[in-house]
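The structure under discussion appears below in the form of C-alpha cells.
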Amino acid sequence: MAFDLDRALLGECVHCGFCLPTCPTYVISGDEAESPRGRIYLMDLATRGDAPVAGAVTQHLDSCLGCLACVPACPSGVKYNALIESARPQLDREVPRDRFFRSAVFALFPYPRRLRAAALAGVLYQRLGLRWLTRRSGLLGRLPARARALEGLLPPVRVRDLVSRTQEKTPTRPRRTVALLTGCAQRVFFKPVNDATARVLAAEGCRVAVPKGQGCCGALSLHTGRDEEARAFARRTIDAFEGYDTVVVNVAGCGSVLKEYGELLHDDPGYAERAAALAARVRDVSEVLAELEPVAERHPLPLRVVYHDACHLANAQGITREPRDALRTIPGVELVDVPEEKICCGSAGVYNLLQAGTAEQLGRRKAENLMSARPDVIATGNAGCLLQIRRYAGDGPLIMHPVELLDRSIRGLAE
C-alpha cells in the first residue's frame, strides 16, 4: 500500500524547522520523525512508494496530536492539517491496529445515551469508595496505561445532570436567536457548561434554542481518521440545525469541525451546499459574546485566572483574543501568563486514550506550567482539555470553562 496524498501540498514544506518548537511530540522527544516536517517527509516517502505505510510511518502519524500548532507557525503556509486529515483515513482502512479498543471507544463516546450509562457506572465507582480502594491498594498503578487514563479522566458527574437536558431560554426582549450545540461527551460530562452557556447568552439578550435530534458532530471520528462515520454525524447535525442563523458551540474541537463541514461534505450532492451554509453560521460562544455589547451586570470575582488556549480554538479557528476579552469583563479577575502556553495539554479528542503514555507526559508538563502561576482558576474552552488538566492539576485551582466564570459573575455567585 502507498499513500494517495497531494504531492503539491507535500512539496510546499521547505523543511525550515519553524514548526519544531511548536510541536508537542517533538518538544518532549527531540525526535525529528516526531515533528511536522519529519511526518511530512515520511508521508512523501509513503506516497512515492519508497517506504511501507505500516511500521514507522503509521507509528509517527498516529503519535501526532493534530493540535495544528505548526500551521500558524509555518512561514510557507504548509497545509499540514489537510495532509494529516487525508492520511489518517487511509491508515484507518489499511493498517490494522488496536481494532478492538478503537471500536469500543467509538461505540461509546459519540453516543450520549450509551455514555450516560457508562457515566452512571462511574458515579457508582466513585461514590461506593471503589476509586479510593483502587488507588489506596496500588492496583491502579498496575493497570495498563489506557485503563489508568480512563480511570484518571473520570469527571465528577452529578446524577441529576444525567437525567435532565439543557433548557431553552427566551429573554423578555431578545436581541438575537441562537441554537446551542450540546454535543455528546459535553452533554454528559459537562452539562453545567451547557447550562451556563445558555444562561449567559440569555442574560446578554439571546433567545437560546436547543434543537432536538442533535448528537455527535463528528469531531472525534474525523480527527481519528474515521471519515465516513464523521460524514454521517455531520449530516445529522446539519438536519438538526437547519434554519438557525447562528449555531453556538462551546467545545473547541466541535467548533473546528463544524466550520469545516463545507470541505467535509463538498462532494455530497444532497448536503454540499447545506454544509457550507451551516459552516458559515457557526460561532464559538466567545465569538458571539464579542459581537454583542454586554448588557448583563458583572459582579466582582477577585480571582487569579490562567487561560489555557485549546488547540482547536487557537490554531484551527484562530480564536485567542475573544475568550480573554470575555474574562476581562469580570471585575476583579486578573489574567496571568504561563510558560509554554501554546503547547498542547495532550488531550486531543481521544488521543489521551489511544496514546496514553505521550498524553500523560504532556498533561503533567502542562499542569506544571499552569500551576507555576499560582492560579485560583484555570479556564479553557474545550471539554477534553478540562478533563486532561483536571487530572494532572490536582485539587488546588478550580478547572472551568470561561463561560462558567461569566455565569458566576452575572449571577453574583462569589463561591
Side-chain angles (χ1 to χ4, degrees), residues 66 85 88-89 92-93 102-119 161-168 177-191 193-195 197-198 207-285 288 312 316-317 349-350 382-384:
E85 287 182 6
R88 279 185 162 159
D92 192 64
R93 287 190 292 268
R102 287 171 181 259
S103 296
V105 166
F106 285 97
L108 175 63
F109 281 89
Y111 301 96
R113 289 182 180 177
R114 302 174 193 176
L115 205 53
R116 283 194 185 97
D161 289 336
L162 299 178
V163 296
S164 61
R165 63 190 298 267
T166 298
Q167 298 300 307
E168 298 188 342
T177 297
V178 302
L180 176 62
L181 180 85
T182 53
C184 46
Q186 177 81 349
R187 186 187 310 182
V188 176
F189 293 129
F190 291 101
K191 182 177 176 289
V193 176
N194 286 339
D195 293 344
T197 301
R207 185 177 80 83
V208 182
V210 183
K212 296 179 181 179
Q214 61 170 301
C216 179
C217 67
L220 293 176
S221 303
L222 184 65
H223 293 154
T224 320
R226 301 166 69 95
D227 53 343
E228 287 303 319
E229 185 176 74
R231 291 188 184 97
F233 285 132
R235 294 184 190 101
R236 176 179 173 177
T237 303
I238 291 167
D239 291 340
F241 284 88
E242 204 91 68
Y244 292 99
D245 291 335
T246 303
V247 177
V248 177
V249 185
N250 55 21
V251 179
C254 300
S256 170
V257 166
L258 262 73
K259 290 180 178 181
E260 296 174 4
Y261 271 5
E263 299 169 30
L264 181 63
L265 295 173
H266 72 279
D267 57 353
D268 186 323
Y271 280 87
E273 290 186 11
R274 295 165 64 193
L278 179 70
R281 301 196 300 270
V282 174
R283 298 287 186 276
D284 183 74
V285 60
V288 175
H312 277 86
Q317 300 182 60
V350 293
N382 189 60

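Given the structure is predicted, the values throughout are model-derived calculations rather than measurements.
For residues 228-276, the set of pairs meeting the ring pair (Phe, Tyr, Trp, His ring centres under 6.0 Å) definition, not counting sequence neighbours, comprises Tyr111-Phe233.
Side-chain contact between Lys212 and Arg165: present, with at least one pair of heavy atoms (C-beta onward) separated by less than 4.5 Å. Using a 4.5 Å cut-off on side-chain heavy atoms (C-beta onward), Asn250 and Phe190 make no contact. Between Thr224 and Arg102, the closest side-chain pair of non-hydrogen atoms falls below 4.5 Å. Annotation: side chain of Thr246 is not in contact with side chain of Thr177 (no heavy-atom distance under 4.5 Å). Side chains of Val251 and His312 form no contact here, defined as non-hydrogen atoms less than 4.5 Å apart. Arg283 has its side chain out of reach of Val178: every pair of non-hydrogen atoms, C-beta onward, lies at least 4.5 Å apart.
Contact detail for Ala316 and Ser256: the closest heavy-atom pair is CB-OG, 3.4 Å. Scanning all heavy atoms of the two residues, the minimum distance from Ala219 to Gly253 falls at CB-O, 3.7 Å. Scanning all heavy atoms of the two residues, the minimum distance from Arg235 to Asp268 falls at NE-OD2, 2.7 Å. Shortest non-hydrogen contact noted between Leu115 and Ala185 is CD2-CA, 3.5 Å. For the residue pair Leu108 and Ala118, the shortest heavy atom distance occurs at CD1-CB, 4.0 Å. Heavy-atom minimum distance, Pro112 versus Cys184: CG-CA, 3.9 Å.
For the pair Arg88 and Asp227, the salt-bridge criterion is not met [side-chain N within less than 4.0 Å of a carboxylate O].
At distances below 3.5 Å, at least one donor-acceptor pair connects side-chain atoms of Asn194 with backbone N or O atoms of Thr182. Here the side chain of Arg231 pairs no donor or acceptor atom with the backbone of Leu265 at under 3.5 angstrom. Of the possible polar contacts, none joining the Arg116 side chain to the Val188 backbone as a donor-acceptor pair under 3.5 Å is found. Here the side chain of Gln214 pairs a donor or acceptor atom with the backbone of Leu180 at under 3.5 angstrom.
One distance of note links OG1 of Thr197 with NZ of Lys191; it measures 11.5 Å at 0.5 Å rounding. To the nearest 0.5 Å, the span separating CG on Leu278 from CD on Glu273 amounts to 13.5 Å.
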Go through Arg274 and Asp239 one step at a time and tell me if the side chain to side chain contact (heavy atoms under 4.5 Å, CB included) criterion holds.
-> CA-CA 9 Å; Arg274 295 165 64 193; Asp239 291 340; 2.7 Å; yes

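There is no side-chain donor-acceptor pair under 3.5 Å between Asp284 and Gln317.
Remark: of the listed residues Arg226, Glu228, Glu229, Glu229 is the sole one forming a side chain to side chain donor-acceptor pair (under 3.5 Å) with Ser221.
For Glu168, the CD atom sits in a packed shell: over 12 heavy atoms of surrounding residues, nucleotides or ligands are nearer than 6.0 Å.
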